[in-house]
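Heads up, the thing below is written out as structure tokens.
Indexing begins at 1, ligand by ligand and atom by atom, following the structure's order.
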Amino acid sequence: MPRSYVHEARRRVGPKRARIRPIIERLRAEYPDAKIALHYRTDLELLVSVMLSAQTTDVNVNRVTERLFEKYKRPEDYLAVPQEELERDIYATGFFRQKTKSLRGTMRVLLEEFDGRVPRTIPELLRLPGVARKTANVVAAELGNPQGVVVDTHVRRLSQRLGLTKHEDPVKIERDLAKLVPRADWGRFPHLLIWHGRRICDARRPLCEECVLAGLCPSSRIEIV
Ligand code: SF4
């Protein structure tokens, strides 16, 4: 895209600080039910689902966990079966050997250090084997204690298109978003972007003509008068 066009587009929509609230409000009105797509009933099921969701789709994880959670209800249950059995039970989520190792390591630490409960802070969650920052952020936010803004592929793409960040690195994008998005919205904001990304702002074919953010977006392909 020519530089002058980018400049003009940014000038047209105004500074990001002035746009962030209307962006959140419009997305909230559009997707009042926006929430995590993973199915879970307990804190432990949430943690396991998020760990299994690496490199696969939420739909796939839900298909696997529907049966998994009937069999494994407590941290002890993941350690009571042979490793190969757990590998078979989560096979369809991909990377099953690594995920099994992480799950079993995590269950051990939960039992040894957290009384079998899922902790709520990022530093505690990061003590669990196989739990990286993104997983910790998702879990903490879902448990009502958002301590950052979760950046996945949709959040990254939409933040860039909306001119909220110029970065590629998820950690730097998270930093930009955390400065911009009111703290009370840290948990909800990624879900709003993810829902919008799945329905309207597709990676290859964004439907700008149907987008409620068109007037606030420097990447909009339609003329706003
Ligand atoms: S206007 Fe287009 S590029 Fe911008 S957020 Fe909407 S769909 Fe995406």
Side-chain angles (χ1 to χ4, degrees), residues 1-38 50 53-62 132-142 146-225:
M1 205 182 278
R3 223 179 139 70
S4 59
Y5 182 83
V6 175
H7 248 71
E8 173 52 30
R10 292 222 181 98
R11 197 196 54 74
R12 172 174 63 78
V13 296
K16 55 188 175 186
R17 291 221 163 269
R19 286 184 290 121
I20 191 66
R21 277 189 190 276
I23 286 173
I24 294 171
E25 277 158 24
R26 287 188 198 182
L27 289 177
R28 248 203 212 139
E30 197 69 5
Y31 310 113
D33 300 326
K35 60 176 178 1
I36 194 165
L38 295 168
V50 180
S53 70
Q55 313 288 336
T56 188
T57 63
D58 293 344
V59 174
N60 197 26
V61 172
N62 289 337
R133 185 160 183 89
K134 187 179 151 209
T135 301
N137 262 343
V138 174
V139 172
E142 282 307 300
Q147 292 171 50
V149 180
V150 175
V151 176
D152 77 344
T153 175
H154 296 289
V155 174
R156 184 177 66 172
R157 182 177 75 256
L158 268 77
S159 301
Q160 291 168 337
R161 283 182 177 169
L162 287 163
L164 306 180
T165 185
K166 290 178 187 162
H167 290 294
E168 286 291 331
D169 174 15
V171 175
K172 291 182 181 162
I173 294 174
E174 183 184 344
R175 214 177 292 146
D176 283 349
L177 293 178
K179 277 191 227 151
L180 209 55
V181 176
R183 197 175 178 125
D185 291 309
W186 280 5
R188 169 79 71 95
F189 187 66
H191 294 313
L192 293 172
L193 290 191
I194 291 166
W195 278 45
H196 196 57
R198 286 192 175 137
R199 286 157 183 78
I200 301 290
C201 193
D202 180 72
R204 271 179 278 172
R205 211 175 134 262
L207 302 172
C208 299
E209 59 290 348
E210 293 176 29
C211 179
V212 292
L213 302 180
L216 297 165
C217 177
S219 309
S220 171
R221 295 177 182 192
I222 58 169
E223 284 290 320
I224 308 288
V225 284

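Judged purely by atom type and a 3.5 angstrom limit, R26 has no side-chain atom pairing as donor or acceptor with the backbone of L213.
Atoms of ligand 1 lying under 4.0 Å from any heavy atom of A214, numbered from 1 in the order shown and given with element: 1 (S). Of all atoms in ligand 1, numbered sequentially from 1 with element shown, those under 4.0 Å from a heavy atom of C201 are 3 (S), 5 (S), 7 (S), 8 (Fe). Heavy-atom proximity to C217, at under 4.0 Å, picks out these atoms of ligand 1: 1 (S), 3 (S), 4 (Fe), 5 (S).
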Query - Verdict with reasoning, E174 to H167, per side chain to side chain donor-acceptor pair (under 3.5 Å) - result: CA-CA 10 Å; E174 183 184 344; H167 290 294; over 6 Å; no
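Counting only heavy atoms of the protein, atom 2 (Fe) of ligand 1 lies nearest to C208 SG, 2.4 Å.
Distances from atom 2 (Fe) of ligand 1 show that C211 has no N/O/S atom below 2.8 Å.
Within a 6.0 Å sphere centred on CZ of R21, other residues, nucleotides and ligands contribute 12 heavy atoms or fewer.
Under a cutoff of 6.0 Å and an axis angle of 45°, R188 and W186 do not form a cation-pi pair.
A salt bridge does not link K166 with D176: every distance from a Lys NZ or Arg NE/NH1/NH2 to an Asp or Glu carboxylate oxygen is 4.0 Å or more.
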